[in-house]
Amino acid sequence: MGKIRVLADEVASQVAAGEVVERPASLVKELVENSLDAGAGRIWVEFQRGGARQVTVRDDGCGMDREDALLCLERHATSKIRQGIDLMTVRTMGFRGEALPSIASVSHFRLVTREHTADMGVEVRVSGGKTEDVREIGAPPGTQIEVRDLFFNLPARRKFLRGEETESAHIVHGIEAIALANPKVAFECRRDGKTVRSLPQAKELAVRIRDLYGQDFLDRLDEIEQVVGEGFAISGYLARPGQGRRDRLQQHVILNGRPIVCATVQQPLREAYADAIPRGEHPPAVLVIEMDPEWVDCNVHPAKREVRLRQPDLLKRAVYEAARGVITRTRRPAAPTPVIAPAPPRGETPTPTAKPAPAAPEPTAPSRRAFAAPAPQVDFVLTPEPPPPAPIPEPMAEAFPASASSRDLAPSPSDEALPYRILGTLGDRYLVLEGDEGMVLLDEGAAAERILFEALVKGMESGGAACQHLLIPALCELPAREFAWVIEHLADLREAGFSLDPFGNATVRIDGLPAGLENSDPARLLNEVVNAARATGKTSAGRGLREALARSVSRLASQTPTRRFPERLVRDLLRCALPYASPDGRPTMIQFSFAELARKFGRR
Ligand code: ADP
Ligand code: MG
């Protein structure tokens with residue numbers, strides 16, 4: 001006897017439900033997407049007990065007539081695509097005609113809908129996939145769908161639901177993502193009878209971001225200069241340097257109107273922000289990508305959360321460029337966290353210090369171009385954090401690649417006025433500055449690191465950083481893996497200012513160190529640099545490694561602070577491509593605006 005049997009429709013729906021409806025949040029998403037597809041201008045979401053008890057989604061969209069209200073509960077009934085070819089170019093949220101029958105098969109389901117031109121609406125009640133009642137009913141135009149007791153007939157699945165808090169958080173986060181993708185639609189979300197999100201229709205994305213996360217959050221972002229590539233365009237908002245977060249919850253990617261989770265985008269973001277935010281943090285982002293639908297396959301994930309892209313590398317490059325654009329454009333010290341300072345006027349170029357950093361390189365200056373250069377290799381992955389290197393005992397000599405030299409007390413060549421007045425030193429570590437907008441504290445160590453870092457990278461790019469030869473060469477025995485790494489990256493290490501050669505088995509001979517580090521213990525220095533570089537980037541060559549080396553050398557070098565002429569320090573810092581963050585992404589300057597001070601002193 002044959003073993004294959006065609007599943008009863010009801011069972012098939014329950015199986016499909018497992019794919020479409022993982023949890024209450026996914027059913028909210030499906031219902032809200034349907035409302036969007038129906039052209040809604042307002043969407044109300046209400047849920048109880050994490051959505052397991054009840055979810056209601058109501059919209060003012062086109063509604064359905066009686067026939068469609070019944071048909072929409074049939075499997076593969078959809079108004080959105082008619083033939084296979086449509087699948088390639090689908091712009092609606094849904095297209096498989098699976099959501100409603102799936103949801104109705106695992107819940108007590110009630111649909112009330114009315115077309116705008118109709119006098120009466122229709123109500124359909126379904127329980128566990130069985131239609132129980134259909135009748136005419138008075139209703140406002142649009143559609144309301146109520147889902148009670150999700151998985152009531154699949155106890156095993158119900159058990160998989162997490163706590164109410166978790167499920168509620170998923171629902172609200174999902175709504176936030178959709179709301180960001182659709183600023184023109186108003187959303188109202190109520191949890192257990194309390195309004196938790198209320199978003200009026202917004203003309204612009206910025207307004208929606210503000211309504212959702214607040215003005216402070218918006219101030220931490222900068223608008224992307226629109227990138228238009230062949231077949232796609234990127235716009236939106238990205239974190240300014242130093243504005244990372246521990247989680248990715250505020251990293252939103254919207255592709256053709258659809259919020260997605262996309263490694264293709266996360267990776268270049270991570271890479272672009274490697275030196276702009278601390279390790280382990282993620283840049284908040286609202287990236288809006290429009291892409292030729294033929295390049296996107298949305299039909300790979302049951303919940304359409306993941307997409308497959310035909311040209312991921314082009315997009316990666318573009319996202320990277322967009323991010324670097326925002327990062328290098330920022331010319332404003334970080335505000336203290338949490339930000340209390342009021343927003344500077346939006347839309348203005350990010351140089352509110354009336355006098356722009358005078359010596360800041362033009363966009364075409366070499367050091368800047370160096371940072372904007374596309375990463376040569378895209379599969380750059382950050383590995384777990386390395387242990388922080390131990391401080392190097394010897395005091396650092398001051399000689400460092402020319403432009404970063406701290407001994408040089410002579411006024412710098414371009415002697416325009418600094419945008420800050422130097423008031424003094426605080427705690428032997430911070431410079432206190434006064435700028436047009438208020439008080440600025442500058443972390444001397446972080447600033448020195450930034451300056452050294454950029455000088456090093458520049459040096460490495462133009463034929464190698466300065467190297468100081470040692471009177472007595474040192475032999476350094478390395479563990480096998482480190483040794484192999486050193487051999488593989490001899491050229492890069494030399495570029496970073498090491499002079500070294502293999503010397504037998506697992507040993508290297510070091511007869512020169514990066515200028516400024518020549519008083520360190522060579523073996524220990526090499527070890528630390530190698531460990532840090534290995535852990536930072538897997539990229540075997542190019543920008544990733546170069547920067548990793550420069551980062552660890554400059555971190556080690558600035559651990560013994562040298563007394564710099566403060567004005568020189570500020571000047572050199574402002575001349576950097578990225579003055580407001582250390583190479584590790586810590587802030588170099590923090591501003592306390594006059595407005596914030598006034599508020600703290602109760603002056604208004
Ligand atoms: P899909 O969205 O993939 O088409 P669904 O099962 O989610 O499949 O919905 C089936 C159909 O029901 C849709 O194609 C649409 O015609 C109709 N529909 C669902 N929700 C709504 C709504 N809120 N307003 C108007 N029509 C709706
Ligand atoms: Mg749908």
Side-chain angles (χ1 to χ4, degrees), residues 9-10 12-22 24-46 55-84 86-107 109-118 121-126 129 131 134 137 139-147 150 174-175 178 181-182 185-188 256-259 298-305 307:
D9 237 21
E10 201 183 304
S13 285
Q14 287 178 358
V15 173
E19 288 174 10
V20 180
V21 185
E22 287 165 84
S26 35
L27 101 88
V28 172
K29 171 179 170 294
E30 292 292 339
L31 297 180
V32 171
E33 286 185 352
N34 280 346
S35 298
L36 290 168
D37 285 345
R42 303 183 161 274
I43 298 174
W44 295 262
V45 179
E46 209 186 315
V55 169
T56 303
V57 174
R58 178 160 70 87
D59 64 57
D60 63 354
C62 63
M64 286 177 271
D65 62 16
R66 188 187 175 94
E67 189 188 346
D68 279 355
L70 289 169
L71 200 56
C72 75
L73 292 161
E74 301 284 324
R75 277 174 65 67
H76 305 301
T78 176
S79 54
K80 297 167 197 172
I81 54 174
R82 283 166 210 284
Q83 36 192 331
D86 285 357
L87 247 189
M88 310 293 294
T89 55
V90 62
R91 288 289 309 202
T92 49
M93 295 289 128
F95 49 80
R96 282 194 284 248
E98 247 167 17
L100 293 189
S102 299
I103 295 166
S105 74
V106 293
S107 66
F109 181 99
R110 175 170 174 259
L111 160 73
V112 176
T113 186
R114 189 193 125 195
E115 287 184 306
H116 287 241
T117 49
V122 55
E123 176 188 30
V124 182
R125 285 175 184 273
V126 182
T131 306
V134 184
I137 190 173
T143 301
Q144 168 168 337
I145 288 175
E146 218 179 275
V147 180
L150 182 66
I175 290 173
I178 292 179
N182 299 277
V185 179
F187 288 86
E188 169 115 7
N256 293 348
R258 193 189 292 281
C298 302
N299 200 18
V300 290
H301 188 276
K304 300 177 235 95
R305 220 178 322 112
V307 294

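Position 1 is the first residue of the sequence, and the numbers go up from there. Note that ligands are numbered from 1 as they come in the structure, with each ligand's atoms numbered from 1 the same way.
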Under 4.0 Å from a heavy atom of [X]: which atoms of ligand 1 are those, numbered in the order shown and with their elements?
| X | result |
| --- | --- |
| A99 | 6 (O), 7 (O) |
| C72 | 11 (C), 12 (O) |
| P101 | 6 (O) |

Specify the closest pair of heavy atoms between G257 and P259, including all atoms of both residues, with the distance to one decimal.
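Minimum heavy-atom separation between G257 and P259: O-CD, 4.0 Å.
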Closest heavy-atom pair, M64 versus T113, reported as atoms and distance to 0.1 Å, is N-OG1, 2.8 Å
Of the listed options R58, M64, E30, closest to atom 26 (N) of ligand 1 (non-hydrogen atoms):
M64
Whether [X] side chain and [Y] backbone form a donor-acceptor pair below 3.5 Å:
| X | Y | result |
| --- | --- | --- |
| D65 | D68 | yes |
| D59 | T143 | yes |
| S35 | A40 | no |
| R114 | A139 | yes |

[X] contact mode with ligand 1 (heavy-atom cut-off under 4.0 Å):
| X | result |
| --- | --- |
| D59 | side chain |
| A38 | side chain |
| T143 | side chain |

Are any of the N/O atoms on N34, whether in the backbone or the side chain, positioned under 3.5 angstrom from an N/O atom of ligand 1?
yes
